[in-house]
Each structure stands twice: as structure tokens, then as C-alpha cells.
Amino acid sequence: MTQAQLIFPETWQLDGFTTNVTSRQAGEPDPVVRELLQNALDAAIREAGRERAEIHFTIARRPLRDLPGYATYRQAFLAAKAELKQPTTNDVNAAVQRIECVLAQTEMSVLFCRDNGIGLDSNRMKALLSEGQSDKATHGAGSYGLGHLTAYAASDLRYVLYGGKRDGRVIISGHTILASHKPHRQSRERRSAHGYWRLPTDVFSLEDSNYPGAAPTLLAEELARITSSGSVVAIAGFNHFHEDQQDQALDDICRVAAVNFLGAICAGQMIVHVHDEVSGRQQTVDGASVEAILRPLKPRQRASGGWLAGQQAYRAWQTLDSGHRLPVDIDRSLSVRFRPLNKNSSERSRVQIFRDGMWITNDAPQLGTGAFSGCQPFDAVVLLSDADPEDHTEFYDLVRNSEGPEHRDLSKLRKLGTKERSQLREMLGQLADQLRAEAGSIDTQEGFSPPGFALFGGDAERLAERVRRPRRQPQPDDGSQDSASLGGSEAETGPEPQGKGDRNPRTTPRRAPA
């Protein structure tokens, strides 16, 4: 039986250790975990038709030699390193040092993410392995598109493996990104920076279905836990998101899940299990635990990189938990939870938009905080869901097509056609009108006090007085001081009114001494 190998195909292209792919993210947990969860949720709910997405994260230590194609990987890395021109950039040095650090050990950290979704086939695997390929449907929420490349930021080895089970068939592959190289010093052929774990064929192509069907040791245990269908992602050489304390990665995963998928978790559509085999800690993120996870985040008023701040995520949870349903008739894909805030609250009105359970934005056109400056403060959560994927609603489609590449803003709104852009703005404006009507306007007379109200007579008189600095009078030649020089005269009689022709005392020229 032919064994799978780690293959670096021939290429003419020169790629270094820093490319657009590997430099896409800095390794923060938010983009990596969110992308994994987004794909898992979409594969389970929208594609497999399950009532709930079950996602399992496992942080583990595994023997380095269990890495599929370990020997070939090591040879390719050493060959690519030998071609480095000195001096190199800091980014290149850091990438090489991280790989060397992992290869110097006998064990490596691995982050597994397993779901109960639709699984994988050759087309979906091709989308995972191709930098410019995507199997996202026009209206897909996540699927497997270019966003999966964010996982490489969490791998010091820059090696991610995929396994899937579907219709009783297992399919496996992997993708590593190093640098283009010559396998031998005297070799004329150049090998690609991209290596793939697959069956060897005469003509290398990702178009065929020659992917391994026998699970390597690294993935065997996780694949065995999949019952009917599902997939596994393994991030080899997991860097724990560059945290100082490695057990912090568990908390990061739970936080990202609770903040970004609050809508799905509160609706019972997602449950996330996180287990750190090294520390023995484990945590489940579901409707019962999400409030405890978000509560410590309340003081965080800002979040870096445009992510949802902890304070706003907790407010959204409060609205979903205790807010009332606001009837809206704009579109059947739309539901709104509304929670009025204390009228004396310093909090500004916020409208959070979730699509298919995933947070998208809190700064949509027509729904920004400035749009509700004259209203009683409130918090609202807009939930967009496409119950029937074959029958898309207009509002859902317009929002979905306006989302940016990371699905956390509506930055592509300007790229819509004129008609579509106008339709979306009109619908968002109608939603804003209903929110304003529900909130009610601020009574401008409330708390208004006329001038002088609640002041004692003496206070009012003193407020009415104009206090001025007395004019400085010329000094007598004999050196004595008159009463005016002490301010007595003007202080007693008050300042003289200045006419139109009066000069500004500051600009009046000094008199020459006699």
C-alpha cells in the first residue's frame, strides 16, 4: 500500500520565510479561534443540519516524530535555512528561531479542534490546501475559505493538518509553509515553500482525490472520536498565542468563544469544550457558564484590533438574558432584543449585530451611537439568522454581502451596487426608527433650572458682579502712594464704562518720564 508523504512540489517561484500568508496575523487568539469556531458552526448547523454545534478544543503534548513527514519537513527546513542571505530581517530571524526551538525538543505542543460538522471531501480539502481557493458558497457563513490561513499564526512550525470523516470515508491531509529551497546543494530543481501531506502521484495536483485515508498517529485518536461525520484541525507546534503562561491559552479560547459567538451560545446552537491535558484544566462554554466567563471582562472598555470589547459583550449578554423582544416587520430573518438603560446612566446606546449566532459589528450605518443621541439610553441585540439556506431573505443577503473578509464589519457596503446599497441603508434606517420609537426621546425640560434658581440672594448678587482688575495709576514723583494705587478708588466706585473710543489698557502706550 502506498504511504502518504510530505511533498514539496517543484516551482520556479522564490518565496522566503515571510509571505503574505505567514504574516497575515501576529498570533493573537481572537482571529485564530474565531475562524476555527466559525467554520465548525457553519459545518454543523448550516451544512450538516444539526441542532447544535459541538466543538472540542484539546491542548496537548505529542512526540515530535508523530508529525506526519517529520524527516522531510526537517530536511526542507534545513535546506531553506541554508539559502538565507545574511543579514536577515527580524521577522525572518524570529520565524527560524521558533522552528529551531521546536525541532530541538522531543515533544511539541498541539492544538486540536474537533467538530460534529459535515466533514471533508476532496473539494473541501482542496479549498483548505489552496491559498487562492475557497469553497464558500455565496451566502456561506464561514465554510473553508482563505480565513483558515490564520491558523498558521498559532503554529511555530507553520504546519496545520486536517482530517475529516464523512459517509464512512476518512480523508486526511496537511499543509506546511516554509521557504522555497533546493533539496541538495548541487540540485538544479527548486522546491516550493508549500509542502502537502498526500499520496505521491506522477503529476502533482490538488485537483485529484489522492488524499490519505489512513489516519497518521497524530490524528488517529481525534478522528476515532467522531461518530457519524465531523472534522479535526491540528495546529502543530502550537505557540499558546505567545502567552507568558501556557495555561492561559485555555482562558483565551473560552473568552473568544463567549464574546464572538454569544448569540449562538445563548440560543443553544453552540457548545464549546476546552481541555488542557498538560495542566489538567477544562472548561465548557455554554448558556450556563457564559455569564461567569464574561463577568471578569466588564471593566474592559476597549479591545485592540477592532474586536468586541469585554464591557460591550457583557452588555449584550444582559440584553439577551433579560431584554424583551421588539417586534419588527422589516424582514423575517431579523429578530431584536431590547433593554432600556437607566436614564441617568452614562452608557451610550449600542446596537450589536449577530449573524447566524456570530458577532459582526456594533457600528453599522444608521445604527451607530450618534444615531440615538436624543433618545433614552438602551442596549439592543440584532439577531440575523437564515433558517432556510435555500431561501435567502433580502436583508440577510445584503448584510452578509456587506461584511468584510473577517466578518466583523460592513466594510464592503461601498462595493455593493447602487440599488443594493440604497436598499440596505433604507432597511437599517427603518430599524433605527423602530429602536428610537421604543426608546423614547429625552425630555429636554427634565432637570432644567432657570438662572439663579436655588441661589441665596448674596450669591446671586456676587454672580452678577463683574470683577475687574483695577487700572494702574501713575506714581507721584515723590515716591508716595495715593489711594488709587492701592485700588481703593476703583474698587469703591466700580469701573468706569468704556466707550467706543476708549483704548484697550493693554495697548495704551506708556508715558515718557518727565
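The structure displayed is predicted, hence computed values, not measured ones.
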Enter the distance from [X]:[atom1] to [Y]:[atom2] here, rounded to the nearest 0.5 Å.
X: R61; Y: S109; atom1: CZ; atom2: OG; value: 4.0 Å
X: I59; Y: H275; atom1: CD1; atom2: NE2; value: 9.5 Å
X: R337; Y: C266; atom1: CZ; atom2: SG; value: 10.0 Å
X: F372; Y: I442; atom1: CZ; atom2: CD1; value: 13.0 Å
X: H324; Y: T319; atom1: NE2; atom2: OG1; value: 10.5 Å
X: N116; Y: R225; atom1: CG; atom2: CZ; value: 15.0 Å

If only atom types and distance count, is the side chain of [X] paired as donor or acceptor with the main-chain N or O of [Y] below 3.5 Å?
X: D252; Y: P29; result: no
X: S422; Y: T418; result: no
X: D286; Y: I271; result: no
X: T18; Y: V92; result: no
X: K165; Y: I226; result: yes
X: S173; Y: W197; result: yes
X: N401; Y: D397; result: yes
X: R114; Y: V233; result: no
X: R436; Y: A371; result: yes
X: S229; Y: G117; result: yes

Between [X] and [Y]: side-chain donor-acceptor atoms closer than 3.5 Å:
X: S333; Y: D331; answer: yes
X: D15; Y: S180; answer: no
X: W317; Y: E291; answer: no
X: S231; Y: D115; answer: yes
X: E394; Y: Q423; answer: yes

A side-chain contact here means heavy atoms from C-beta on lying under 4.5 Å apart; do [X] and [Y] qualify?
X: L413; Y: R425; result: yes
X: Q318; Y: D379; result: no
X: H407; Y: R355; result: yes

Could you report the tightest heavy-atom contact between [X] and [Y], atom names first, then the distance?
X: R315; Y: L341; value: NH2-CD1, 3.6 Å
X: S402; Y: L416; value: OG-CD1, 3.1 Å
X: A44; Y: A53; value: CB-CB, 3.7 Å
X: A258; Y: V290; value: CB-CG2, 3.9 Å
X: Q434; Y: P327; value: OE1-O, 3.4 Å
X: I265; Y: A257; value: CD1-O, 3.5 Å

**side chain to side chain contact (heavy atoms under 4.5 Å, CB included) partner of F57, chosen from D276, L250, L37, V285** = L37
**Prompt:** With a cut-off of under 6.0 Å to the ring centre and 45° to the axis, is R408 in cation-pi contact with W307?
**Reply:** yes
**Prompt:** Can you list the residues that meet the side chain to side chain donor-acceptor pair (under 3.5 Å) rule with S155, with sequence neighbours excluded?
**Reply:** none
**Item:** salt_bridge(E438, R339) N-O dist < 4.0 Å
**Value:** no
**Message:** Could you walk me through whether R348 and T369 satisfy the side chain to side chain donor-acceptor pair (under 3.5 Å) test, starting with their C-alpha distance in whole Å, then the side-chain angles of each, then the deciding distance to 0.1 Å, before giving a yes or no?
**Reply:** CA-CA 7 Å; R348 304 179 68 183; T369 55; 3.1 Å; yes
**Asked** Does the ring center of H175 lie less than 6.0 Å from the ring center of H194?
**Response** yes
**Message:** Other residues, nucleotides and ligands only: do more than 12 of their heavy atoms fall within 6.0 Å of CG on N90?
**Reply:** no
